[in-house]
Amino acid sequence: MQDHVRPRRVVILGGGFAGLFAARALRTSPVAVTVVDRRAHHLFQPLLYQCASGILSEGQIAQPLRGVLRRHHNVRCVLAEATDVDAGARLVHARRPEGGILQLPYDELIVAVGMRQSYFGHDEFAAHAPGMKTLADALDIRRRIYRAFEMAETAANHRERQQWLTFALVGGGPTGVELAGQIREIAGHTLDREFHRIDSAKARVLLFEGSDAVLGAFGPALAHRATRTLQGLGVELHLGTRVTDVDARGLTVRDHDGRTTWYGARTVLWTAGVEAPPIAAALARATGAEQDRAGRILVEPDLTVPGHPEIRVTGDVMSLNRLPGLAEVAMQSGAYAGRSVRHAVEGRTKAPKAFRYVDLGSAAYIARGRAVVKAGPLHLSGFTGWLVWLFIHLAFLTGFRSRLGAVLSWSVAFATSSRRERAFTLPDTATDTDTSAARAPGPKAPPPSP
């Protein structure tokens, strides 16, 4: 009788693309939806690199979840991080920011927590080589990029100056390629003639990739075009390499032949590899679900966890048919999960069709007027690819104000090379590793090659 008294309780873990689209699919359903997220905002992650490079502001790529869902009267938002799941009692355990514990009962659970940066077992690299998965990461990277030029201006000697003017990126996927192109544009155009002692255009951008091509998922033709574009911008590509060490002064890299080389670079950015957050392992323990090598949860064709039809896993953290970790996969799987719950609540007895992903393509922005787009048999690059990239990102940005603001910022950046969002902050005391290392006496000698 209780089910007739209260609406069915749906808990959604995560307010990213998958979680947002799941909540939207349940807007008119007679359910009580609780969206749990540890950051309280929806982030348009594909444009994080533009926030990091100073083109867009935080408010143009991130919107408060409460604001996005304000017209969804059956949805409430909770600022907390899910830490465990009791599948038998149908409870989610979550930790509030100040440490308090919440217990959230559910009838239906949708897991949409996304993935986090992976350092392949070397978490100590994170202190010197930040990833780019969150808004805080983007602001940290912005600080590191623009601070590097400032530090180079007052460097004590040529060696130190060159290290500050060298930027190393680890990972040749879309994020690495996009950031590499942005840093070269900043160095060659945005900061042109702003410094007296350094020539910003002489900054080196090194891109390290373990495979034999950048943007390998885009196919050989587009990967080749992206390579030519990057090299034309002055990006130095180091393919077939693996990073073995990172510190505040640079990184050590091993090539295919086993030779190791040390590169002095005060700014190292990590854009390679992802792994599932701890809640995925907790869910696997609670349900007996299997996980792949990256910690993703293996799901049934209808996105449910085997043996638990009330639990659906969506977005990047689900493992199904080797689907890539793309925003479009998250949107479609989240919407599918929301519709599945809606159909169950409406009492539809027909089993839902298996989730079918419709590939709408992938896009990567390299430089002004140059991007690569892959959509089925359609392969675009150069200015045409950039126009398609522009349309795609405008279409999916959340909110009219975000779209309008992005258009204005892009217009200024593309027309004048100026970046309106270059502001960054520094700690009051020199506690961060980069600044401390800069004050250390004497340069660090590179490790010997075998």
Side-chain angles (χ1 to χ4, degrees), residues 12-26 42-50 56 60-63 65 68 110-116 132-134 173-178 215-219 222-223 226 271 274 276 292 294 296-297 299 301-303 312-340 352-366 371-381 384-399 402-403 406:
I12 301 175
L13 305 183
F17 287 117
L20 181 61
F21 274 68
R24 284 175 168 173
L26 292 165
H42 170 69
L43 177 65
F44 194 85
Q45 209 170 59
L47 289 178
L48 263 180
Y49 72 95
Q50 293 211 359
L56 300 180
Q60 289 168 329
I61 65 169
Q63 296 291 322
L65 273 172
V68 175
I110 298 176
V111 181
V113 291
M115 300 287 276
R116 65 180 186 178
M132 195 168 65
K133 302 296 288 183
T134 69
T175 302
V177 166
E178 289 164 341
L215 297 183
F218 284 70
L222 288 181
T271 61
V274 293
D292 65 12
R296 300 180 183 88
I297 301 292
V299 296
D302 62 355
L303 307 190
R312 296 166 176 83
V313 182
T314 63
D316 294 357
V317 78
M318 75 174 183
S319 179
L320 177 69
N321 301 330
R322 297 187 178 181
L323 289 174
L326 298 175
E328 189 58 43
V329 175
M331 294 176 192
Q332 293 184 29
S333 62
Y336 172 92
R339 290 195 302 270
S340 297
K353 295 181 180 178
F355 172 67
R356 180 174 174 269
Y357 171 59
V358 179
D359 187 359
L360 299 181
S362 305
Y365 174 98
I366 303 174
V372 292
V373 176
K374 177 185 177 184
L378 184 65
H379 290 188
L380 302 173
S381 61
T384 304
W386 177 78
L387 289 176
V388 175
W389 172 92
L390 188 68
F391 172 79
I392 292 172
H393 286 75
L394 279 178
F396 288 105
L397 260 178
T398 302
S402 295
R403 296 188 185 99

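Keep in mind that what you see is a predicted model, and the values were worked out from it rather than measured.
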Walk me through whether V372 and I366 qualify under side chain to side chain contact (heavy atoms under 4.5 Å, CB included).
CA-CA 8 Å; V372 292; I366 303 174; 4.2 Å; yes
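- The two residues I110 and A22 come nearest to each other via the heavy atoms CD1-CB, 4.0 Å.
- Ring pair F17/F44 is perpendicular by interplanar angle, where above 60° counts as perpendicular and below 30° as parallel.
- Inter-residue side-chain proximity for V274 and D316 is flagged as unmet; no heavy-atom pair is nearer than 4.5 Å.
- At distances below 3.5 Å, not a single donor-acceptor pair connects side-chain atoms of H42 with backbone N or O atoms of Q63.
- Under the rule for a side-chain hydrogen bond (donor to acceptor under 3.5 Å, both in side chains), the partners of E328 that lie at least two apart in sequence or sit in another chain are Q332.
- Geometrically, R339 does not engage Y336 in a cation-pi contact defined by less than 6.0 Å to the ring centre and at most 45° from the axis.
- Here the side chain of R296 pairs no donor or acceptor atom with the backbone of A276 at under 3.5 angstrom.
- Rounding to the nearest 0.5 Å gives a distance of 9.0 Å between CD1 of I12 and CG of L20.
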Could you walk me through whether M318 and L303 pass side chain to side chain contact (heavy atoms under 4.5 Å, CB included), step by step?
CA-CA 8 Å; M318 75 174 183; L303 307 190; 3.7 Å; yes
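- When all heavy atoms of S340 and R312 are compared, the pair lying nearest together is CB-NE, 3.6 Å.
- Within the 3.5 Å criterion, the main-chain N or O of G315 finds a donor-acceptor partner in the side chain of S333.
- Taking every heavy atom of both residues into account, G176 and T271 meet most closely at CA-OG1, 3.3 Å.
- Between the side chain of D292 and the backbone N or O of A294, at least one donor-acceptor pair lies under 3.5 Å.
- Considering CZ of R24 and CE of M331, their distance stands at 9.0 Å, rounded to 0.5 Å.
- Closest approach of S381 to L222, counting heavy atoms only: CB-CD2, 4.2 Å.
- Across all their heavy atoms, A18 and A112 have their closest contact at CB-CB, 3.6 Å.
- In this structure, NZ on K133 lies 8.5 Å from CG on L48, to the nearest 0.5 angstrom.
- Rounded to the nearest 0.5 angstrom, L387 CG and L380 CG are separated by 10.0 Å.
- When all heavy atoms of P324 and V329 are compared, the pair lying nearest together is O-CG2, 3.4 Å.
- The distance from atom CG of L320 to atom CD1 of I297, rounded to the nearest 0.5 Å, is 13.0 Å.
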Please test F218 against V177 for side chain to side chain contact (heavy atoms under 4.5 Å, CB included), starting from the C-alpha separation and ending with a verdict.
CA-CA 12 Å; F218 284 70; V177 166; over 6 Å; no
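- The backbone N or O of V373 sits nowhere less than 3.5 Å from a side-chain atom of S362 that would complete a donor-acceptor pair.
- Within the model, atoms OH of Y365 and CG of L47 stand 10.5 Å from one another, a figure rounded to the nearest 0.5 Å.
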